Amino acid sequence: MREIRIGSREVRVRATPLALLFYKQEFKADLLGDLMKMLQGMVGAQSLFGKGNGTPNLDVQNIDLGQLDTVMLIQLIWAMAKADSYGKQFPSFVEWVASFETFDLFDSGILSAVMEEAAEGFFRSGAKISAQIAR
């Protein structure tokens with residue numbers, strides 16, 4: 001679980017299987033599939049999956065922000081925030097986004113925290129990911 005600051009609010013995000021379910025239910029797409037497409041465009045597969053050792057080498061300072069899908073990133077944050085709030089009332093995606101006055105998606109702190117949470121929660125074994133991609 002990580003806390004990110006969006007505008008003047010702290011938002012807790014948690015990469016759990018519930019986030020995958022909430023993302024699929026709300027956006028009719030697979031969170032991991034969308035995330036992988038976006039990350040590969042931003043850093044390239046080599047950086048994402050390591051150089052043959054299965055260890056991700058994701059450096060947010062070297063990300064090509066021109067490839068950032070901002071709506072997908074907001075969807076990812078919403079799904080992980082909803083997963084962290086499981087059992088509590090949580091607004092719909094549109095209501096949640098509308099509740100923010102500002103949302104600086106190019107804030108390296110937000111991007112870094114979200115990607116680290118996603119990597120630790122969804123990709124605990126880099127070797128397994130590399131093996132699957134190599135097929």
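This structure is a prediction, so every number in the text was calculated from the model and none was measured. These values consider heavy atoms only, across backbone and side chains, with no hydrogens, waters or symmetry-generated copies.
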Interatomic distance, [X] atom [atom1] to [Y] atom [atom2] [nearest 0.5 angstrom]:
| X | Y | atom1 | atom2 | value |
| --- | --- | --- | --- | --- |
| Ile110 | Met115 | CD1 | CE | 11.5 Å |
| Glu117 | Thr16 | CD | OG1 | 9.0 Å |
| Glu116 | Ile4 | CD | CD1 | 12.0 Å |
| Glu3 | Glu10 | CD | CD | 5.5 Å |

Tell me the closest heavy-atom pair linking [X] and [Y], and the distance in Å.
| X | Y | value |
| --- | --- | --- |
| Met38 | Asp69 | SD-N, 3.5 Å |
| Ala83 | Leu18 | CB-CB, 4.0 Å |
| Thr102 | Gly7 | OG1-CA, 3.3 Å |
| Ala79 | Phe22 | O-CD1, 4.1 Å |
| Phe122 | Ala19 | CZ-CB, 4.0 Å |
| Trp96 | Arg9 | NE1-NH2, 4.3 Å |

Quick check: do [X] and [Y] have side-chain heavy atoms less than 4.5 Å from each other?
| X | Y | result |
| --- | --- | --- |
| Asp34 | Tyr23 | yes |
| Lys24 | Leu20 | no |
| Arg14 | Met80 | no |
| Leu73 | Phe103 | no |

Could you tell me whether the side chain of Trp78 and the main chain of Val94 form a donor-acceptor pair under 3.5 Å? no

Can you tell me if CD on Glu101 sees more than 12 non-hydrogen neighbours from other groups inside 6.0 Å? no

Tell me, yes or no, whether the heavy-atom count around Phe100 atom CZ, taken from other residues, nucleotides or ligands under 6.0 Å, exceeds 12. yes

State plainly whether one hydrophobic cluster holds both Tyr86 and Leu21, where clusters connect Ile, Leu, Val, Met, Phe, Trp and Tyr through side-chain heavy atoms under 4.5 angstrom apart. yes

Do Leu32 and Val13 share a hydrophobic cluster, counting only Ile, Leu, Val, Met, Phe, Trp and Tyr and linking them when any side-chain heavy atoms are less than 4.5 Å apart? yes

Does the side chain to side chain contact (heavy atoms under 4.5 Å, CB included) test come out yes or no for Ile77 and Ile6, once each step is laid out? CA-CA 10 Å; Ile77 295 169; Ile6 301 174; 4.2 Å; yes

Do Arg2 and Glu120 sit within salt-bridge range, that is, some charged N less than 4.0 Å from a carboxylate O? yes

Is it the case that the ring center of Phe27 lies less than 6.0 angstrom away from the ring center of Phe93? yes

